[in-house]
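Notes follow once the structure below has been shown.
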Number of protein chains: 2
Amino acid sequence: MTDPLTASTPLERALALLWGRDTRGSRGPARGLTLDRIVEAAIEVAEREGPAAMSLRRVAARLGVGVASLYTYVPGRAELEALMLDAVAIGRTLPHEWPGDWRAKLTALAHDDWREIRRHPWVLELGTAEQVPGPNMLRWLDSALRIFDGTGLSEPEKLSAIETVDAYVRGLGRLRRPGADRPASGAGPTAASGTATEAATEAAAESESEDTRERDQVLGRLVDFDDYPALSRALAAGGTPYSGAPFEFGLERLLDGIEQLVLRRSA
Amino acid sequence: MTDPLTASTPLERALALLWGRDTRGSRGPARGLTLDRIVEAAIEVAEREGPAAMSLRRVAARLGVGVASLYTYVPGRAELEALMLDAVAIGRTLPHEWPGDWRAKLTALAHDDWREIRRHPWVLELGTAEQVPGPNMLRWLDSALRIFDGTGLSEPEKLSAIETVDAYVRGLGRLRRPGADRPASGAGPTAASGTATEAATEAAAESESEDTRERDQVLGRLVDFDDYPALSRALAAGGTPYSGAPFEFGLERLLDGIEQLVLRRSA
DNA sequence: ACGAAACTCAGTATACCGTTCGGAGTTAAC
DNA sequence: GTTAACTCCGAACGGTATACTGAGTTTCGT
């Protein structure tokens, strides 16, 4: 039941694949590939050549295989993307295992989330797939909810709190994204070798500020900033719009707000 | 100088177009189109058939024109997207004009942002273009900064506060997006008729929760939720993961956090 | 008034993309 | 041993963005 390659809707097929409900027969020649190798190759392509370059053809080429062969493993591109997204969630520290109280854990979660997004910017660029939860994502979410054990938050509040932090991190990641068509700047090791260094993140941030600088230069030649007094004031004071405000600022505000709620609930 | 169609980098071309630095001669036949009509048509296509269907060919077809003709107006797809994004910002209420104190204004800004994103989900799906600020966006940003006039916030803090709210709204919009490939559910009137009703937003939310329901149904058949105790608890309590937590929850937390900062700064 | 420069526009070509089809070869089940 | 199921892949279909070429049109400079 629920054969991933013949199920009716794409959604159903993606879910069946993600959750490993594979009901294929045992006849025929042995398969030359595994789903994991395909997903790994796809992630490598996205990482190296940018999310826009992630095509089935490239993945097949990297695996030394014809394009059509991939279709015996994966029903289509959308499903592959769903698998990629769940795959990057595999190596992460489970949120409730971070040390400290709920606020420390939540801070660590957000920073980890942020690091992950800076390291794999393509996760924000893929299709609809992030709506399809895989086992790794559910495990992560389950763990994240446990952060609030002991606080007086209601269950929906816990869910919302996690979702809010997630939305903030992803939203900021997209506002700060390096050109989605260009390859990743660092072009570090494969995604499988999860333990990348801080240096990689640093390098990404650096190249981004270079993009930003170029844009601001061109912008300065075209725009009369006297038309935007408040903005000019902010710029003169050293802030850079759409570019430089630190991730931590928003996170601290968000956590302060959640803390107020926790205090109210525990009172 | 800075001719939009021959400038070196795509970024420069996009900026030159956005800021209206058009340096074309006056000879030759009269142009059959205007930039505005092209942008309007592109927005209509994105609105009606979904962001994935927004192609130069479709836009050209809708205008009764050959594809190549568009390239005499716009250097390429990326630049058209930048123009589309700036165009949707045109009808919006300027943030500092909302009534009330800074918190009321900021709340109104966020709700307006949120409505806009629900109405035009494709703005979250376009390419790198949102990094290219146009005149309408800058005007909006300038106005948004004025919200914090009189609070003790520093200029970078003001910028960061705006960016944080924006990141949250956009991030949540993406987490909640209806299938990016399908056309918009409402398929309402053209984008030019900016004053859409609340009903449209309501309808979009409805169709989304239908998607969600289907997914949860399939998921329930595949997943043993005993493996995810905290999640099961939250589900049993009525919360729906990845779907239903209200926009307002996160916004209130965020505003509470910003308010704390404002109080600290004014003390 | 008129030639020529400048411009618009469209058809065609190239190089990708995802996906489907059909056939050739291989293996396990009966 | 036969057959059905399976893997793999070349080729093709319809789609995309973009580049190039050429034909036709308008307006400037004279």
Side-chain angles (χ1 to χ4, degrees), chain A residues 3-6 10 13-14 22-35 37-38 41-42 45-46 49-84 125-129 180-181 183, chain B residues 3-6 9-10 13-14 22-35 37-38 42 45-46 49-82 84 125-129 180-181:
Chain A
D3 179 355
L5 272 71
T6 59
R13 285 179 294 175
D22 204 333
T23 62
R24 65 175 0 90
S26 56
R27 291 196 195 179
R31 319 191 84 185
L33 296 172
T34 64
L35 208 53
R37 285 218 331 127
I38 293 175
V45 171
E49 318 187 38
M54 204 294 286
S55 71
L56 296 188
R57 292 179 133 91
R58 264 186 230 268
V59 173
R62 167 167 285 260
L63 291 167
V65 146
V67 197
S69 304
L70 293 184
Y71 282 83
T72 33
Y73 296 85
V74 170
R77 185 203 173 105
E79 290 79 6
L80 178 56
E81 290 185 353
L83 289 168
M84 291 169 68
E125 308 296 332
L126 298 188
T128 55
D181 36 1
Chain B
D3 180 355
L5 271 71
T6 59
T9 74
R13 286 178 293 176
D22 205 332
T23 62
R24 67 174 0 92
S26 57
R27 292 197 193 178
R31 318 193 84 183
L33 296 171
T34 63
L35 209 52
R37 287 220 326 129
I38 294 175
V45 171
E49 317 187 39
M54 205 293 286
S55 71
L56 296 188
R57 294 179 124 84
R58 264 188 232 269
V59 174
R62 166 167 286 259
L63 291 167
V65 144
V67 197
S69 304
L70 292 185
Y71 281 87
T72 53
Y73 295 86
V74 170
R77 184 202 173 104
E79 289 80 6
L80 178 56
E81 291 185 352
M84 292 169 68
E125 307 294 334
L126 298 187
T128 55
D181 37 359

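These numbers come from the heavy atoms of this one structure, side chains and all, not from hydrogens, waters or symmetry mates. Order of the sequence lines sets the chain letters (A, B, ...), proteins ahead of strands, with each chain counted from 1.
In this entry the distance linking CG of Leu33(B) with P of dA10(C) reads 9 Å, nearest Å. A straight line from CG of Leu35(B) to P of dT8(C) spans 13 Å, rounded to a whole angstrom. Rounded to whole angstrom, the span from the OH atom of Tyr73(B) across to the P atom of dC7(C) amounts to 13 Å. One interatomic measurement links the two molecules: CG of Leu70(B) to P of dC9(C), which rounds to 10 Å at whole-angstrom precision. Rounding to whole angstrom units, CE of residue Met54(A) and P of dC17(C) are separated by 11 Å. Taking atom CD1 of Ile38(A) as the reference point, atom P of dG18(C) lies 14 Å away to the nearest angstrom. Atom C1' of nucleotide dT26(C) and atom CZ of Arg31(A) are separated by 14 Å, given to the nearest angstrom. Separating the CZ atom of Arg77(B) from the P atom of dT16(D) is a distance of 10 Å, rounded to the nearest angstrom.
Under the 3.5 Å distance criterion, the side-chain polar atoms of Glu81(B) are left unmatched by any main-chain donor or acceptor of Ala78(B). Tyr73(B) places a side-chain N or O within 3.5 Å of a backbone atom of Leu33(B) that can act as its donor or acceptor partner. Arg58(B) places a side-chain N or O within donor-acceptor distance of the main-chain N or O of Ala53(B), the cut-off being under 3.5 Å.
Put simply, Ser69(A) has no side-chain N or O that comes within less than 4.0 Å of OP1 or OP2 on dT7(D). Side-chain nitrogen and oxygen atoms of Tyr71(B) include none within less than 4.0 Å of the OP1 or OP2 phosphate oxygen of dA19(D). Under 4.0 angstrom from either OP1 or OP2 of dA29(C) there lies no side-chain N or O belonging to Arg27(A).
Using a 4.0 Å heavy-atom distance criterion, Val65(B) is classed as a sugar-phosphate-only contact. Gly66(A) comes within contact range of the sugar-phosphate backbone alone, with a heavy-atom separation under 4.0 Å but no base atom that close.
Of the residues in residues 55-63 of chain A, those placing a heavy atom less than 4.0 Å from an atom of DNA chain C are Ser55(A), Leu56(A), Arg57(A), Arg58(A), in numerical order.
Taking both residues in full, the closest heavy atoms of Val59(A) and Ala42(A) are given as CG2-CA, 3.7 Å, listed atom of the first, atom of the second, then distance. Of all heavy-atom pairs spanning Leu80(A) and Val74(A), the tightest one is N-CG1, 3.7 Å.
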* Asked: Are Met84(B) and Met54(B) close enough, and set up right, to give a side-chain contact (heavy atoms from CB on, under 4.5 Å), and what steps lead you there?
  -> CA-CA 11 Å; Met84(B) 292 169 68; Met54(B) 205 293 286; 3.8 Å; yes

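Considering only side-chain atoms of Ala68(B), the nucleotide from dG25(C), dT19(C), dC20(D) that sits closest is dC20(D).
Here the CZ-CG distance, from Arg57(B) to Leu70(B), works out to 11.0 Å after rounding to the nearest 0.5 Å.
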